[in-house]
Number of protein chains: 2
Amino acid sequence: MSTSKSSPYHHGDLRAALVTAALGLLEESAIETVSLRAVARRAGVSAMAPYRHYPDKEALLAAVAQTGFDRLRDVLAHADSISGPDTALLGQGVAYVQFAIENPVLFRLMFGPPRRGRHADLRTSSETAFSVLVRRMTEQTHSAGLQPRILGYWSLVHGLAMLILDGQTPVAGFETPDTEVVRQTISSMIRFD
Amino acid sequence: MSTSKSSPYHHGDLRAALVTAALGLLEESAIETVSLRAVARRAGVSAMAPYRHYPDKEALLAAVAQTGFDRLRDVLAHADSISGPDTALLGQGVAYVQFAIENPVLFRLMFGPPRRGRHADLRTSSETAFSVLVRRMTEQTHSAGLQPRILGYWSLVHGLAMLILDGQTPVAGFETPDTEVVRQTISSMIRFD
DNA sequence: GCTCTTATGTTAACATCATACACATTTAGG
DNA sequence: CCTAAATGTGTATGATGTTAACATAAGAGC
């Protein structure tokens, strides 16, 4: 490998650097500003270089989304671990919404137009993230009809996250959703039986 | 006005025709194929004509999204009207999800990146649609803490719709969500007290 | 060390897109 | 009428995603 000259011809790990660059852009600005060329610029590389590592822009975005799901999995697992058995489910829900609030553009990308069909790795990562929620749900819920409850709870937190990102919470007193509002909203919908 | 010649210079009501054309494209293909030029082509007009009626592409898409919310309002109101008082809430929820399934690209556009801030009419239409749900919810729920329940129920159906559009229902037996699955999922999460 | 093959990065070129500007035509108001 | 405003057209510009041809670096086998 060349010594640390000003800019070696070969990047080193451009594949990963492109994902990092894209994540950086997603944190700073809207999704439409994340052009392939902008990502390449940020990685300090020519506009066409990404095509050596990803067949097209969609593939790069899929890799970015996958990283998002991996992070979400960690967030959910951590929230679960620091909660007692009786609050773990609520803790995960709050953490899920908080993740969306803290990473709004990334979150929208993760759940944007269907990409999972063509990218198996992405699907795997997303299912792994959800399995954290499903596992706790399975331990917590003792009633019959577990499947609808799993999908229902997941829908609840996911929808709440989406609506908050949209600024769509015109319910009086819930204009600025903080952790307490999120907790209250989720709590009002769950029961254990 | 010119008689009904082959193609009069003036369209007649291009402003509305553009929204119709865009809605047509949204029904047939993905969101990224809906370019301003494609909309103009479909309306049988030059590429620059839309700018006489909308300041930019975003403004046209906002008008399209607004039409979507108006339709959603009608769908919810109709579902409410054909249900008895005790099933109206569930009926609205099922109709909400069904609307999303039948108009996936439009639905994503409606809840896409924030547009409501800059388009007051769009915000009005969306709030009107939700008020149908809120009104029924207010009549139906007798417990204290109504506000969280409203936001919670709305989150539930909205999240369920989104997850179904994403193909994100890996819960066993719920791979292909039909009306019955939707009904069951919503039912499992609501209680009246 | 020397060559050759492959991986990786660059430059040039193209079609499409959103948009700005100048021009054409039609309609309406005096 | 006839002039001005409204509405549609044509051309031009810069950005974008993608393809293709070329350049360079790294390593394998000798």
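What you see is a predicted model; the values in this text were computed from it and never measured. We name chains A, B, ... by the order of the sequence lines, and we start the count at 1 in each one.
Atom CD of Gln92(B) is separated from atom CG of Leu133(B) by 5.0 Å, given to the nearest 0.5 angstrom.
Of the candidates Thr33(B), Asn103(B), Val34(B), Leu26(B) forms a side chain to side chain contact (heavy atoms under 4.5 Å, CB included) with just one, namely Val34(B).
Leu60(A) has its CG atom 15 Å from the P atom of dT16(D), to the nearest Å. Regarding Glu58(A), its CD atom lies at a distance of 17 Å from the P atom of dT16(D), rounded to whole Å. Regarding Tyr54(B), its OH atom lies at a distance of 12 Å from the P atom of dG8(D), rounded to whole Å. Taking atom CD1 of Ile31(B) as the reference point, atom P of dA18(C) lies 11 Å away to the nearest angstrom. Rounded to an integer number of Å, the gap from CD of Glu32(B) to C1' of dT16(D) is 14 Å. We find that CZ of Arg15(A) is positioned 14 Å from C1' of dA7(C), with the value rounded to whole Å. Nucleotide dA26(D) holds its C1' atom 15 Å from the CZ atom of Arg52(A), rounded to whole Å. Atom CG in Asp13(B) sits about 10 Å away from atom P in dT7(D), given to the nearest Å.
Comment: Arg108(A) engages Asp166(A) in a salt bridge, judged by a side-chain N to carboxylate O separation of less than 4.0 angstrom.
Using a 30° and 60° split on the angle between ring planes, Phe111(A) and Phe130(A) fall in the tilted class, from 30° to 60°. Classified by interplanar angle (parallel below 30°, tilted 30° to 60°, perpendicular above 60°), the ring pair Phe107(A)/Phe99(A) is perpendicular.
Nearest-nucleotide positions on DNA chain D place Ala49(B) closer to the 5' end than the other of Ala49(B) and Met48(A).
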Which side-chain N or O atoms in residues 60-77 of chain A pair as donor and acceptor under 3.5 Å with protein atoms at least two apart or in another chain?
residue	atom	partner	partner atom	Å
Gln66(A)	NE2	Ser125(A)	OG	3.2
Thr67(A)	OG1	Ala63(A)	O	3.1
Asp70(A)	OD1	Ser125(A)	OG	2.8

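Remark: His53(B) is not in phosphate contact with dA6(D), judged by side-chain N or O atoms under 4.0 Å from OP1 or OP2. Under 4.0 angstrom from either OP1 or OP2 of dT18(D) there lies at least one side-chain N or O belonging to Tyr51(A).
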Requested in this report: Show the numbers, then the answer: is there a salt bridge (charged side-chain N to carboxylate O under 4.0 Å, His left out) between Glu139(B) and Arg135(B)?
Outcome: CA-CA 6 Å; Glu139(B) 293 181 11; Arg135(B) 183 161 29 249; 5.9 Å; no
Taking only N/O atoms, report every protein-nucleotides 14-17 of chain C pair under 3.5 Å with atom names and distance.
residue	atom	partner	partner atom	Å
dC17(C)	OP1	Ser35(B)	OG	3.4

